[in-house]
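Structure record follows, encoded as structure tokens.
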Amino acid sequence: MMEDNYLDGLNIVQRQAATHTEGPVLVVAGPGSGKTRVLTYRVAHLLEKGVKPWEILMLTFTNKAAKEMKERIHKVVGPSADKVWAGTFHSIFSKILRVEAEKIGYPSNFTVYDTEDSKGLLGSIIKEMNLDKQVYSINSVLSRISSAKSNIIPPTRYAENEELLQQDKLSKRPLLYKIYANYVTRCKRAGVMDFDDLLYRLYELWHKNPDGVLDKYRAKFKYVLVDEFQDTNFLQYKIVQKLVKYEGSPCNVCVVGDDAQSIYAFRGANIQNILDFEADFKTNGIQIFKLEQNYRSTDHIVQAANELITFNMRQIPKTIRSEKGVGQRIRLIKALTDTEEGKRVADAILEQKNRYHLGNKDIAILFRTNAQSRIFEEYLRRYNISYKLVGGTSFYQRKEVKDLIAYLRLAVNPKDEEALRRVINHPKRSIGDTSVDKIAEIAEQQQVTLWEALPLANLGGKTQSSLNDFIRLIQSFVKKATDTNAYEAASFVATESKLTSLMKLDTTPEGVDRLDNLNSLLDGIKEFVESDLEEAIEVNDKSLASYLQNIALVTSLDESKSGDDSVTLMSVHAAKGLEFASVFVVGMEEDLFPSFMSKDNAEGLDEERRLFYVAITRAEAFLTLTYAASRYKNGKMRYLEASRFLEEISAAHYDTDLALKSKSSEIASNFNVATPTRASVQGNFKKKPTSAVPAIDPSTFVPSPSDQIEVGHKVLHLIFGEGSVKNIDGQRDKRVATIVFPHLDEPEKRIMLKFAKLHIVEH
DNA sequence: GTTGGTATCTGTGGA
DNA sequence: AGATACCAAC
């Protein structure tokens with residue numbers, strides 16, 4: 001065997017986690033602890049043991065992660081790696097549903113709605129129900145529906161659930177349950193699944209188990225692995241459970257996650273899953289492995305992250321240790337404006353490149369919101385530093401691309417209402433809103449789709465003949481899509497829809513760009529048709545339907561090409577799982593990071609803190625945090641305070657020049673400044689900010705030695721004010737105190753005594 | 001129905 | 001700042 005060979009690179013715990021293949025396994029893996037290695041070698045080990053690749057199911061959160069994992073397994077075991085079922089929850093389930101959809105009343109060529117489509121449909125429904133769109137805002141309705149699906153509550157049960165109905169009444173949206181029911185009916189009638197449906201309908205399929213379909217998949221997937229388990233929602237967890245937990249099951253399921261890196265609660269992810277997993281599989285002999293050794297970052301970074309996360313309430317206790325020595329301290333840059341922030345970051349990048357011989361690809365700029373990228377792009381361009389922007393608007397989300405795709409979607413499934421609405425009057429053919437409204441009304445009366453209502457419409461005159469032309473046009477597309485391959489069909493659609501000729505009329509630079517994009521889309525389809533790279537788990541189907549399925553779940557993250565030497569610009573969310581020698585986390589300001597949206601509740605704030613934790617733990621050697629005192633927002637200059645998170649890392653980890661001399665007073669004073677603007681803008685529904693505690697003058701504050709602090713002491717904290725020590729756990733310099741600050745919204749804080757600045761008021 | 005103008009509002013993350 | 005909403009004139 002070559003086992004010793006490929007397992008050599010693992011430490012003891014990693015090796016145990018990788019080779020303990022039978023029965024349920026939970027791997028709690030801190031940042032940089034070799035989680036991906038463990039998963040890779042675990043799969044390699046299974047294959048070495050003779051498990052067939054198609055018996056292994058590995059679920060990840062991004063296509064990128066899945067692809068990377070496959071490539072790494074390939075390196076160890078060769079081409080059999082390609083036949084492992086590895087992909088995102090959404091893409092794997094979508095593949096299964098293509099095969100099984102008819103068992104639950106969907107066509108096998110169902111359309112996938114993206115968020116924009118879902119919002120469009122909800123907009124129509126709200127309008128048709130004559131509801132106030134201010135009150136029934138699409139975003140809140142959609143998130144409500146999404147969360148119902150993620151918690152496996154179908155419309156019928158929603159309508160009977162007193163608690164949910166009460167919540168909707170309180171938020172002045174008592175009819176939400178009806179919108180939900182309508183939305184689900186309309187999706188199903190149109191042969192459409194939204195992102196949540198890809199999970200929900202698979203659950204439904206397995207739950208109803210027609211023709212023993214569940215047993216088929218239980219028998220097929222003998223080993224199940226889930227990456228980033230902390231980001232799964234209830235529904236995803238239940239699906240995994242359906243697959244592996246049943247009478248007589250070997251429960252060969254391995255989940256890997258880090259509660260401290262859970263950053264998708266906004267999408268319904270539930271950290272509780274990771275805690276429940278342990279309880280749920282206790283009787284099946286669950287094994288838990290904790291990877292606490294950090295191989296990525298130097299000690300100041302690791303310790304700063306450790307300190308930061310103790311400010312959160314719930315967590316699995318673990319101590320991450322660095323392997324790489326003390327390293328550099330964190331550098332803090334305060335700029336006066338957002339523009340200056342951009343310049344100083346570009347300056348610092350130049351300096352680091354010269355001083356430490358870093359390549360562009362070793363450097364990343366991470367921000368909380370994608371909108372922040374522009375200034376950095378400008379300065380990097382000006383300094384001639386090559387960069388790549390990851391995320392943002394995907395190619396497939398550009399207007400002109402979506403337009404053609406809408407026609408293609410119609411060609412495959414003319415019942416697709418959102419696609420129909422998008423193109424029925426584009427290019428202009430005099431079928432305007434009033435006509436569409438009339439057709440929609442007929443559709444509603446007859447309980448049919450828009451497409452089926454088209455021939456029933458009686459619009460008269462020019463509009464009617466133009467409508468008839470449109471119907472014939474789409475029918476010809478449908479025929480083409482069934483008769484020919486994706487490329488032939490798409491070329492036909494592009495010309496016959498007149499989209500190309502319309503675009504050729506626009507000779508502005510932007511117009512030329514748009515035409516280019518359209519042609520790249522067609523090139524992409526051609527490539528799809530001509531590619532022989534038959535992926536193991538895919539049928540070699542070159543139809544338009546197959547192409548659309550392929551691109552439905554492609555995100556902007558998947559499009560960035562690697563290999564070139566560029567500075568990476570991306571959101572913190574997008575950076576999860578990645579690492580860079582030097583990381584700049586920019587925009588460290590209150591209301592930006594933490595985001596103002598998340599500040600009114602403790603969970604939201606904790607999630608932002610975990611997000612910041614993810615951000616700083618991306619750095620291997622150099623970490624720079626920047627903030628600006630003012631920046632433009634909605635066309636207006638706004639003044640900002642430094643982020644509270646900066647204070648939650650002790651001064652010991654900041655660069656001495658900047659930190660010890662000026663930092664503590666500078667940041668602390670930023671904290672306690674009154675902010676009348678924020679209070680008055682948001683005062684009507686936000687609680688008072690937690691930072692509104694009695695101000696303490698940092699220059700006269702004298703911390704007591706940490707080893708003198710004991711349970712029962714009354715202490716003074718620079719930021720939190722007065723509190724009493726409730727409990728202390730850990731030994732010596734790892735002691736963590738639970739301190740109650742009664743005047744705070746979240747009175748209980750866990751503070752690492754080694755770094756805390758606490759003054760004993762009373763023994 | 002279309003076009004082109006002005007007023008108004010919005011305010012994260014991403015499969 | 002940028003998108004969307006709304007309105008008046010063709």
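The figures that follow rest on heavy atoms only: side chains count, while hydrogens, waters and symmetry mates do not. Throughout, protein chains are lettered first and strands after them, A, B, ... in sequence-line order, and every chain is numbered starting at 1.
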Q) Step by step, would you call A:Glu590 with A:Lys599 a side chain to side chain contact (heavy atoms under 4.5 Å, CB included)? A) CA-CA 9 Å; A:Glu590 283 293 300; A:Lys599 278 175 65 172; 3.1 Å; yes
Q. So, A:Arg201 and A:Glu204, do they make that salt bridge, N to O below 4.0 Å?
A. yes
Q | Electrostatic pair A:Glu378-A:Arg374, nearest N-O below 4.0 angstrom | A | yes
Q) Do A:Arg398 and A:Asp513 meet the salt-bridge criterion of a basic N to acidic O distance under 4.0 Å? A) no
**Q.** DNA chain B: 5'-proximal contact among A:Arg429 and A:Gln134 (nearest heavy atom)
**A.** A:Arg429
(Q) Does B:dT8 have its OP1 or OP2 closer than 4.0 Å to a side-chain nitrogen or oxygen of A:Asn634? (A) no
Q) Between A:Phe612 and A:Phe593, what is the ring plane arrangement, given parallel below 30°, perpendicular above 60°, and tilted in between? A) perpendicular
Q. Between A:Glu607 (side chain) and A:Ala265 (backbone), is there a donor-acceptor pair under 3.5 Å?
A. yes
(Q) Tell me the interatomic distance from A:Glu590, atom CD, to B:dT12, atom P, rounded to whole angstroms. (A) 16 Å
Q: Rounded to the nearest angstrom, tell me the gap between atom NZ in A:Lys133 and atom C1' in B:dC9.
A: 12 Å
Q) Quick one: A:Lys636 NZ to B:dT10 C1', roughly how many Å, whole number? A) 12 Å
Q: Provide, to the nearest angstrom, the distance between the NE2 atom belonging to A:His426 and the C1' atom belonging to B:dT2.
A: 15 Å
Q.
Distance check, P atoms only: B:dG13 and C:dT4, in whole angstrom units.
A. 16 Å
Pull out every protein N or O sitting under 3.5 Å from an N or O of nucleotides 4-6 of chain B, one pair per line with the distance.
none

Q. Within this structure, what is the CD1-to-C1' distance between A:Ile375 and C:dA1, rounded to whole angstrom?
A. 12 Å
Q.
Under 4.0 Å, heavy atoms only, any strand: does A:Lys633 hit a base, just the sugar-phosphate, or nothing?
A. base
Q: Say whether A:Glu377 and A:Tyr387, considering side chains only, have a donor N or O and an acceptor N or O under 3.5 Å apart.
A: yes
Q) Base, sugar-phosphate, or nothing: which does A:Asp114 touch, judged by heavy atoms less than 4.0 Å apart? A) nothing
Q. Should the pair A:Tyr217 and A:Phe221 be assigned to parallel (<30°), tilted (30 to 60°) or perpendicular (>60°) ring geometry?
A. parallel
Q: Output, in order, the C-alpha distance, side-chain angles, deciding distance and verdict of side chain to side chain contact (heavy atoms under 4.5 Å, CB included) for A:Tyr379 and A:Ile375.
A: CA-CA 6 Å; A:Tyr379 274 99; A:Ile375 285 174; 4.1 Å; yes
Q. Taking NZ from A:Lys119 and P from B:dT10, how many angstroms apart are they, rounded to a whole number?
A. 14 Å
Q. Rounding to a whole Å, what distance do you find between A:Ile126:CD1 and C:dA5:P?
A. 13 Å
Please enumerate all protein N or O atoms sitting under 3.5 Å from an N or O of nucleotides 13-15 of chain B, with distances to 0.1 Å.
unit_1	atom_1	unit_2	atom_2	d
B:dG13	OP1	A:Asn370	N	3.0
B:dG13	OP1	A:Asn370	ND2	3.2
B:dG13	O4'	A:Arg368	NH1	3.3
B:dG13	O4'	A:His573	ND1	3.4
B:dG14	OP1	A:Ser571	OG	2.9
B:dG14	OP2	A:Asn370	ND2	3.2
B:dA15	OP2	A:Thr555	OG1	3.1
B:dA15	O3'	A:His90	ND1	3.2
B:dA15	N6	A:Thr115	OG1	2.9

Q: To the nearest Å, give me how far apart CD (A:Gln372) and C1' (B:dT12) are.
A: 10 Å
